[in-house]
Amino acid sequence: MTRIDDTFARLKREGKKAFVSYIMGGDPDAETSLAVMKGLPAAGVDIIELGMPFTDPMADGPTIQLAGQRALDKGMTMDAVLDMVRAFRAGDATTPIVLMGYYNPIYSRGVERFLTEAKAAGIDGLIVVDLPPEEDDELCIPAQKAGINFIRLATPTTDAKRLPKVLQNTSGFVYYVSITGITGAAAAEAADVAPEVARIKASTDLPIIVGFGISTPDSARAIASVADGCVVGSAIVKDIGAGKPVAEVLANVAALAAGAHSA
C-alpha cells in the first residue's frame, strides 16, 4: 500500500471524491513554489502532482510550458525538485506526491539512481507522459518494484484494443485526459467524460481521475461527480504565473477543492 492507495481508501470511507492539484516545481522560484506546495493540503488537496520542468514539454499547453520555462530560468533542476519534496515531507508525512514529467531527465540520471533518490525523498507516484506501455521495462516495472506507483494516462483516443495495454501495469490511479490535445486548451464536459470513465471502469478496479479542461469549482464538481475525482493544473499555474500572493493562490485552490469534494 502506498500513500496514494491509503488516500483513496480514506476518501472511499468518507464518501468523497479526490481533488488533485498540479504545480510546477520551482515556479516562479523555489521559495514561492515550496510555500504553495506546503499550503495545498490545508486547502483541501488530496494528492499533489509536482511538475519536473523540462525543455520540451510536448503534452503541455502554453500556461504550463511557461511555468516550466520560469522554473528553468531560475535554475530549477531535478535535484532541486527532490529537495522541495524533502522539505515538504519534513512537515507532512501523509499527503501523496506524484512527480509528473518526461523521461529524458530520468534517463540521463539513470533509472536505478533516480528511483532510489525519488523514493527516499518521499515520491509516491510517477506520471511520465512520453513512455508508452511498450517501454514498461524501462521505468514502469522498476518503479513498481521500488514501491512507487506508475500512473498511466488514458485518452479519448484510447480504444478498446489499446486500453488493456494501457492498464496492464498501471497502479495508484488512472489519469483520464478529458480532451484531445494539450493542457489548458479546452473545457471538459461531464456529459462527454461520463461514458468514457464508465468504459475504463469496466476494465479496472483502479480509481479514475479526470484532468485537462477543469478550471472552476463548478467544473471540478461536475467532472468529479462522474469520476473518482479530478485534477486541476493550468488554472492554478496561471494564478502563480500572474504573480498572485500565495494566500490568494491557495484560496482559489480551496474553492476548487470544495467543488470537487461536494460532488
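Residue indices begin at 1 and follow the sequence shown. Please read these numbers as outputs of a predicted model, since none were measured by experiment.
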Closer than 3.5 angstrom, by distance alone: can the side chain of [X] be matched with the main-chain N or O of [Y] as a donor-acceptor pair?
X: S178; Y: F212; answer: yes
X: R89; Y: G122; answer: yes
X: S219; Y: T216; answer: yes

How many angstroms lie between atom [atom1] of [X] and atom [atom2] of [Y], to the nearest 0.5 angstrom?
X: K165; Y: R152; atom1: NZ; atom2: CZ; answer: 9.5 Å
X: M52; Y: T77; atom1: CE; atom2: OG1; answer: 10.5 Å
X: L163; Y: T155; atom1: CG; atom2: OG1; answer: 10.0 Å
X: Y103; Y: E135; atom1: OH; atom2: CD; answer: 8.5 Å
X: F173; Y: I151; atom1: CZ; atom2: CD1; answer: 4.0 Å
X: N149; Y: D5; atom1: CG; atom2: CG; answer: 5.5 Å

Just wondering, do [Y] and [X] contact through their side chains at under 4.5 Å, heavy atoms?
X: D73; Y: Q69; result: yes
X: C140; Y: V128; result: no
X: F54; Y: L72; result: no
X: N169; Y: P133; result: no
X: L115; Y: L126; result: yes
X: M24; Y: P53; result: yes
X: F114; Y: L99; result: yes
X: V210; Y: V197; result: yes

Residue pair [X] / [Y]: nearest heavy atoms and the distance that separates them:
X: C230; Y: I223; result: CB-CG2, 4.2 Å
X: I240; Y: P28; result: CG2-CD, 3.4 Å
X: I23; Y: V237; result: CA-CG2, 4.3 Å
X: A222; Y: S225; result: O-OG, 2.5 Å
X: A18; Y: A260; result: O-CB, 4.3 Å
X: G172; Y: P207; result: O-CD, 3.5 Å

According to the side chain to side chain donor-acceptor pair (under 3.5 Å) rule, which pairs have a member within residues 235-253, sequence neighbours left out?
->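 Non-adjacent pairs meeting side chain to side chain donor-acceptor pair (under 3.5 Å): D239-K244, D239-N252.
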Hey, could you give me each pair passing side chain to side chain donor-acceptor pair (under 3.5 Å) that has a residue in residues 18-42? Not counting sequence neighbours.
->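 Only D27-R70, D29-T32 qualify under side chain to side chain donor-acceptor pair (under 3.5 Å).
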Evaluation steps, side-chain contact (heavy atoms from CB on, under 4.5 Å), between I200 and Y176 = CA-CA 9 Å; I200 298 168; Y176 178 68; 3.5 Å; yes
Candidate pair M78 and V81, rule side-chain contact (heavy atoms from CB on, under 4.5 Å), full reasoning = CA-CA 5 Å; M78 181 187 289; V81 171; 5.6 Å; no
Decide whether [X] and [Y] are clustered together by the hydrophobic rule: side chain heavy atoms of Ile, Leu, Val, Met, Phe, Trp, Tyr closer than 4.5 Å, transitively.
X: I236; Y: L66; result: no
X: I141; Y: I4; result: no
X: V166; Y: Y175; result: no
X: V129; Y: I64; result: yes

Salt bridge or not for K16 and D228, using N-O below 4.0 Å?
->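 No.
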Ion pair present between D6 and R3, side-chain N to carboxylate O less than 4.0 angstrom?
->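 Between R3 and D6 there is no salt bridge, as every charged N stays at least 4.0 Å from the carboxylate O atoms.
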Kindly state each residue pair satisfying salt bridge (Lys or Arg N to Asp or Glu O under 4.0 Å) with at least one member in residues 211-223, sequence neighbours excluded.
->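 Only D218-R221 qualify under salt bridge (Lys or Arg N to Asp or Glu O under 4.0 Å).
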Which residue pairs pass the salt bridge (Lys or Arg N to Asp or Glu O under 4.0 Å) test when at least one of the two sits in residues 98-123, sequence neighbours left out?
->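 Qualifying pairs, neighbours excluded: D79-R109, R109-E117, R113-E117.
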Only pairs under 3.5 Å count here: list side-chain donor-acceptor contacts from residues 188-195, not counting sequence neighbours, and write none if there are none.
none

Listing, residues 39-50 side-chain donor-acceptor contacts under 3.5 Å, not counting sequence neighbours, or none:
unit_1, atom_1, unit_2, atom_2, d
D46, OD1, R10, NH2, 3.4
D46, OD2, F19, N, 2.8
D46, OD2, H261, NE2, 2.8

Working for side-chain contact (heavy atoms from CB on, under 4.5 Å), residues T170 and F150 | CA-CA 6 Å; T170 298; F150 197 89; 6.0 Å; no
From CA spacing to verdict: side-chain contact (heavy atoms from CB on, under 4.5 Å), F8, I209 = CA-CA 11 Å; F8 280 112; I209 303 299; 3.7 Å; yes
